[in-house]
Amino acid sequence: MTTLDDILNAPAPASEWILAQDCAETGLHPDDIRTEMLRRIREMRDSIQRGLSSEAKSITGMVGWNAKGLWDAPDALGAPLLRRVQAYAMAVNEENARMGRIVAAPTAGSAGTIPGALIGVADHLGIPDERLVSPMILAAGIGKAISKRMFISGAAGGCQAEIGSSAAMAAAAIVELMGGTPRAAVHAASMALMNTIGLVCDPVGGYVEVPCVSRNAFYAVHAVSAAQLALAQLESFIPPDEVLGAMASVGRMMPAALRETAEGGLAQTPTGLAVTARMEGKDGEPGGMIELPMV
């Protein structure tokens, strides 16, 4: 079983070590894996572009205009990377909410984090998609190592398991993209993980929309922050595999009401309950899209 520590101690670049491990397990040729990874990167980019150009509402009407609204708005803070990363991440998750085609990375609910962070950074720096293949292979290796030790679904371990995993994968990928060492990449993943421990999964109505769309925007930035710390040679005080074990332990302790059941958190607010009732037709009206006031 590959661990985060194994990746940390791998020869650079870590993606080549992970690729060799995967080829040995699957019998696939390295070029086939690289080709497939580039195809998935392009699928991610397509979902970003569709999301940035659409204001179509999701089936519940809770989301759909956020990515385009941010992308079209003036850059009030003068932070183009920040805005790009957030808008890209929300674009993907709003496409998911509209039942558009996305790449689950590692889940649909956290699908915006990696493209938001990695493609956002690449576009900010003018780096072509072909150079994202190796960082994406490293991201896949990080995700695989995480999945061997803990849950990657909100239903099993809370949102920490989904968004934490995706942020860790994205952070490691950015470090490799920028020429960082395997050690730096794994410590970036560890810092991303340790700062998501305890995050609950409380989607309103059980739909992967609120808070999921904006959460991907926040944690795409989180991934970029973790990568920047690691590239400056900062490291997680707690060893990476111990961080992973702690997150798994917290996931097991988390009550069912906070694990994608819509029985706790934001889902149980008055507005959250009203959305659920409306979608289920329990308020005397047929179920369907809900119109909420824009404030």
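Reckoned from all heavy atoms, side chains included, excluding hydrogens, waters and symmetry mates. Throughout, numbering of the chain's residues begins at 1 and tracks the sequence.
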Provide the closest heavy-atom pair for Ala104 versus Ala111 in the form atom of the first, atom of the second, distance. CA-CB, 4.4 Å

Check Leu193, Ile197, Asn195 against Gln160 for a side-chain contact (heavy atoms from CB on, under 4.5 Å) and give me the one that passes. Ile197

What's the separation between atom CZ in Arg39 and atom CD1 in Ile41, rounded to the nearest 0.5 Å? 11.0 Å

Assigning hydrophobic clusters by single linkage (Ile, Leu, Val, Met, Phe, Trp, Tyr; side-chain heavy-atom cutoff under 4.5 Å), is Ile127 placed with Leu81? yes

Arg40, CZ atom: more than 12 neighbouring heavy atoms under 6.0 Å: no

Minimum side-chain heavy-atom gap Leu258-Cys201 below 4.5 Å: no

Pair Glu16 + Arg34, salt bridge at N-O below 4.0 Å: yes

Would a distance-only check, ignoring hydrogens and angles, find a side-chain to backbone donor-acceptor pair under 3.5 Å from Ser249 to Gly245? no

Taking every heavy atom of Ile7 against every heavy atom of Gly141, the minimum-distance pair comes out as CD1-O, 3.8 Å

Run the salt-bridge test on Arg101 and Glu95 with the 4.0 Å N-O cut-off and return the result as yes or no. no

Answer yes or no: are there more than 12 heavy-atom neighbours, outside Gln233 itself, under 6.0 Å from its atom CD? no

Side chain Glu263, main chain Ala257, donor-acceptor under 3.5 Å: no

Are Leu82 and Gln86 close enough that some pair of their side-chain heavy atoms sits under 4.5 Å apart? yes

Give, for atom CD1 of Ile102 and atom CZ of Arg50, the distance between the pair rounded to the nearest 0.5 Å. 9.5 Å

Could you give the distance from CD1 (Ile48) to CD1 (Ile119), rounded to the nearest 0.5 Å? 4.0 Å

Can you confirm whether the side chains of Glu162 and Ser153 place a donor and an acceptor under 3.5 Å from each other? no

Considering all heavy atoms, the nearest Val204-Gly272 contact: CG1-CA, 3.6 Å

Shortest non-hydrogen pair, Asn216 vs Gly109, comes out as ND2-O, 2.8 Å

Considering only heavy atoms from C-beta outward, does the side chain of Tyr207 approach that of Met279 to under 4.5 Å? yes

Chi angles and distances behind the salt bridge (Lys or Arg N to Asp or Glu O under 4.0 Å) call for Lys144, Glu25: CA-CA 13 Å; Lys144 184 176 182 179; Glu25 290 179 15; 2.5 Å; yes

Could you go through Val243 and Phe237, starting from their C-alpha distance and side-chain angles, then the distance that decides it, and tell me whether this counts as side-chain contact (heavy atoms from CB on, under 4.5 Å)? CA-CA 10 Å; Val243 171; Phe237 179 79; over 6 Å; no

Determine yes or no for a side-chain-to-main-chain donor-acceptor pair under 3.5 angstrom, with His187 supplying the side chain and Ala230 the backbone. no

Answer yes or no: is there a side-chain heavy-atom contact under 4.5 Å between Pro106 and Met169? yes

Nearest 0.5 Å please: distance from the CG atom of Asp32 over to the SG atom of Cys23. 8.5 Å

Single-linkage hydrophobic cluster, 4.5 Å side-chain cutoff, Tyr88 and Leu132 together: yes

Mind running side-chain contact (heavy atoms from CB on, under 4.5 Å) on Asn66 and Met90 for me, showing each step along the way? CA-CA 7 Å; Asn66 298 282; Met90 287 194 293; 3.9 Å; yes

Audit row: Val92, Asn96, side-chain contact (heavy atoms from CB on, under 4.5 Å) steps and yes/no: CA-CA 6 Å; Val92 174; Asn96 179 58; 5.9 Å; no

Given the rule that I, L, V, M, F, W and Y join up when any side-chain heavy atoms are under 4.5 Å apart, are Met99 and Trp65 in one cluster? no

I'd like to check Pro135 versus Ile174 (side-chain heavy atoms, cut-off strictly below 4.5 Å). Are they in contact? no

Taking only Lys NZ, Arg NE, NH1 and NH2, and the carboxylate oxygens of Asp or Glu, determine whether Arg45 and Asp123 approach each other closer than 4.0 Å. yes

Side chains of Glu235 and Arg183: does their closest heavy-atom pair fall under 4.5 Å? yes

Donor-acceptor side-chain pairing of Ser110 and Thr107 below 3.5 angstrom: yes

Any carboxylate oxygen within less than 4.0 angstrom of a Lys/Arg side-chain nitrogen, looking at Glu94 and Lys57? no

Strictly distance-based, threshold 3.5 Å: is any side-chain N or O of Asp202 a donor or acceptor partner for the main-chain N or O of Gly264? no

Polar side-chain atom of Ser236 near backbone of Pro239 as donor-acceptor pair, under 3.5 Å: no

Where the side chain of Ser47 meets the backbone of Met44, is there a donor-acceptor pair that is under 3.5 Å apart? yes

Using side-chain hydrogen bond (donor to acceptor under 3.5 Å, both in side chains), reason through Glu176 and Ser134 one step at a time and then give a plain yes or no. CA-CA 8 Å; Glu176 172 143 327; Ser134 291; 4.7 Å; no

Is there a chain of hydrophobic side chains (I, L, V, M, F, W, Y, each step under 4.5 Å between heavy atoms) that links Val121 to Leu77? yes

Distance (rounded to the nearest 0.5 Å) between Met136 CE and Glu36 CD: 10.5 Å

Can you confirm whether the side chains of Tyr219 and Arg215 place a donor and an acceptor under 3.5 Å from each other? no

When you measure from the side chain of Thr26 to the backbone of Asp22, do you find a donor-acceptor pair of N or O atoms at a distance under 3.5 Å? yes

same_hphob_cluster(Ile152, Val250) at 4.5 Å side-chain heavy-atom cutoff: yes

Nearest atoms (heavy-atom pairs only) where Thr261 meets Ala256: OG1-O, 3.0 Å

Just do the side-chain contact (heavy atoms from CB on, under 4.5 Å) check on Arg84 and Trp71 with the steps written out, would you? CA-CA 7 Å; Arg84 184 183 296 275; Trp71 191 241; 3.6 Å; yes

Measure across His222 and Ala192 and return the closest heavy-atom pair with its distance rounded to 0.1 Å. NE2-O, 3.0 Å

When rounded to the nearest 0.5 angstrom, what is the spacing between CD1 in Ile146 and OG1 in Thr3? 12.0 Å

May I ask you to test the Leu4-Leu8 pair for a side-chain heavy-atom distance under 4.5 Å? no

Does any non-hydrogen side-chain atom of Pro203 lie less than 4.5 Å from one of Val208? no

